2 protein chains.
Amino acid sequence: MLTNSRLVHQPHDHGRCINAALSRANNLCTEKGVRLTPTRESVLRLLWQSHQPLGAYQVQDQLSKLTGKSIAPPTIYRAIEFLSDLGLVHRLASLNAYIGCPFPNSEHSNLFMICNSCGSAAEVAHTALNDVLQNASEKAQFKLESQSIELFGLCPQCSQDTTQATEHKAHG
Amino acid sequence: MLTNSRLVHQPHDHGRCINAALSRANNLCTEKGVRLTPTRESVLRLLWQSHQPLGAYQVQDQLSKLTGKSIAPPTIYRAIEFLSDLGLVHRLASLNAYIGCPFPNSEHSNLFMICNSCGSAAEVAHTALNDVLQNASEKAQFKLESQSIELFGLCPQCSQDTTQATEHKAHG
DNA sequence: TTTTATATGTTATATTATAACATAACATAA
DNA sequence: TTATGTTATGTTATAATATAACATATAAAA
Ligand SMILES: [Zn+2]
Ligand SMILES: [Zn+2]
Ligand SMILES: [Zn+2]
Ligand SMILES: [Zn+2]
């Protein structure tokens, strides 16, 4: 089970996450012979500013402020599409939001654990799960092509906070 | 693995699907002491007119034609919310669309197999899958509360059609 | 340099969903 | 049966998300 869950939910040097993501993006673009333009890189960087997914219009606002120019929605959606086609970002359908992929070159489950409290989203690749889904599909004679799995709940940090708050209440 | 996959993908007496759904809805509403008003019943019936999910505005169009009156979006969304709260319909996040639930009283996986070709969506409840997701969540110290699983691919019928078309082409 | 392909800018609009407040229908009790 | 509270719907306006269509600019190739 490959996941960035620990990084997402624990204090860490997030600058390293960002640098790694940009480095991977540069490599991948070079490899594929496509261009990581300033706009595209900025959008990727914005999506990596935290481990919480961002809506397209949030990205637009921030990019507009960043550049001082007003940027229209199509520019953002194009950059997101470009990055998404390369597997560098994912769309979270339930949230209409986008997030950077921590392992664009690995096998994917397109599985996210999304915290209802803090909004963070950890990505998980889970071979056994993929097998279960593939088997279920075959049983139903369904030719599986892609999948979107979104789990909602409480991340370790928020879960702990809730527990402590409850205990505090009980004692107070 | 509980599923309505066969009904969805094979010719069948769909009137029975509709009647069963409305009957379940009536029972559930009586049981819960809430009212299945004409609007709500119509929306449920429209969502059950086929095994393909419908957008809210498609429902609006059809209900407007059906009644001869113009119905505004809030009426549709309210009916959908009512039905959804009772577990009688589900939202497919990837499609911004809604579909009737074939087994509102059973355990759920919130798993759908959605055909990229014909748009049909079969619902599946899969205990083993739920266990895998629960285990993965525990491993990540994630307190799982709800889930949305959407599989995309080709349904048995469309898969067969594709195969035949390919064969035909090869022979032609 | 000319040509071609790619990327971005710009305007307008489509699509999906909800806020806020008014009215109507229903249920219950005086 | 009227009054009263509750639930449901009507109505208007608008928020939020996403794309179409066409113009311009930039980069790469010939
Ligand atoms: Zn980080
Ligand atoms: Zn990923
Ligand atoms: Zn049917
Ligand atoms: Zn269901």
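Letters A, B, ... mirror the listed sequences (proteins, then strands); counts begin at 1. Quantities reported herein were computed from a predicted structural model and do not represent experimental measurements. Reckoned from all heavy atoms, side chains included, excluding hydrogens, waters and symmetry mates.
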Considering only distance and modelled atom types, tabulate donor-acceptor pairs under 3.5 Å from the side chains of residues 68-87 of chain B, sequence neighbours left out.
none

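Cluster annotation: Leu36(B) is connected to Leu63(B) through the hydrophobic network of ILVMFWY side chains, with a link wherever side-chain heavy atoms come within less than 4.5 Å.
Close to dA17(C), at under 4.0 Å from its OP1 or OP2, lies a side-chain N or O of Tyr77(B). Side-chain N/O atoms of Thr75(A) include none lying less than 4.0 angstrom from OP1 or OP2 on dA7(C). In terms of phosphate contacts, Thr37(A) brings no side-chain nitrogen or oxygen within less than 4.0 Å of OP1 or OP2 of dA7(C).
When every heavy atom of Ala122(A) is checked against every heavy atom of His9(A), the shortest pair comes out as CB-NE2, 3.9 Å. Nearest heavy-atom pair, Ala121(B) versus Val8(B), reported as atom, atom and distance to 0.1 Å: O-CG2, 3.9 Å.
Residue order along DNA chain D, read from the 5' end via each residue's closest nucleotide, puts Val34(B) first among Ala72(B) and Val34(B). The residue among Arg35(B) and Pro74(B) whose nearest nucleotide of DNA chain C lies closer to the 5′ end is Pro74(B).
Residues from residues 112-119 of chain B with heavy atoms under 4.0 angstrom of DNA chain D: there are none. The stretch residues 40-65 of chain A touches DNA chain C through Arg40(A), each having a heavy atom within less than 4.0 Å of the strand. Heavy-atom distances under 4.0 Å link DNA chain C to no residue of residues 85-100 of chain A.
Enclosure of atom CD in Gln58(A) by more than 12 non-hydrogen atoms of other residues, nucleotides or ligands within 6.0 angstrom is indicated. For Glu41(A), the CD atom counts as densely surrounded, since its 6.0 Å shell holds more than 12 non-hydrogen atoms of other residues, nucleotides or ligands.
The distance from atom CZ of Phe112(B) to atom OG of Ser148(A), rounded to the nearest 0.5 Å, is 12.5 Å. If you take CG on Leu88(B) and CD1 on Ile99(B), they are separated by 13.5 Å, rounding to the nearest 0.5 Å.
The interatomic distance linking Arg78(B) (CZ) with dT18(C) (C1') rounds to 10 Å, in whole Å. Going from atom CD1 of Ile71(A) over to atom P of dA7(C) covers 17 Å, rounded to whole Å.
Residues satisfying the side chain to side chain contact (heavy atoms under 4.5 Å, CB included) criterion with Gln49(A), sequence neighbours excluded, are Leu46(A), Leu54(A), Gln62(A).
In summary, contact between chain B and DNA chain D, defined as any nucleotide atom under 4.0 Å from a heavy atom of the protein, begins and ends at dA8(D) to dT12(D) in the 5' to 3' direction.
Here salt bridge (Lys or Arg N to Asp or Glu O under 4.0 Å) pairs that include residues 132-147 of chain A, with residues two or more places apart or in two chains, number zero. Sorted by first and then second residue, the side-chain hydrogen bond (donor to acceptor under 3.5 Å, both in side chains) pairs involving residues 16-39 of chain A (not counting sequence neighbours) form an empty list. Sorted by first and then second residue, the pairs that involve residues 86-101 of chain A and meet side-chain hydrogen bond (donor to acceptor under 3.5 Å, both in side chains), not counting sequence neighbours, are His90(A)-His108(A), His90(A)-Glu123(A), Arg91(A)-Asn96(A), Arg91(A)-Tyr98(A), Ser94(A)-Glu150(A).
Cluster partners of Leu151(B) are Met1(A), Leu111(A), Met113(A), Val124(A), Leu129(A), Val132(A), Leu133(A), Phe142(A), Leu144(A), Ile149(A), Leu151(A), Met1(B), Leu111(B), Met113(B), Val124(B), Leu129(B), Val132(B), Leu133(B), Phe142(B), Leu144(B), Ile149(B), counting Ile, Leu, Val, Met, Phe, Trp and Tyr whose side-chain heavy atoms approach within less than 4.5 Å, directly or via other members. Think of Leu2(B) as one node in a network of Ile, Leu, Val, Met, Phe, Trp and Tyr side chains linked at under 4.5 Å; its network also takes in Phe103(B).
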*Watson-Crick and G-U pairing of DNA chain C written in dot-bracket, each distance under 3.5 angstrom, with | for inter-strand partners*: ||||||||||||||||||||||||||||||

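Distance alone, capped at 3.5 Å, is enough to place a donor-acceptor pair between the Ser109(B) side chain and the His126(B) backbone.
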*May I have the step-by-step check of side chain to side chain contact (heavy atoms under 4.5 Å, CB included) for Asn105(A) and Leu28(A), ending in yes or no?*
CA-CA 9 Å; Asn105(A) 293 312; Leu28(A) 191 58; 4.0 Å; yes

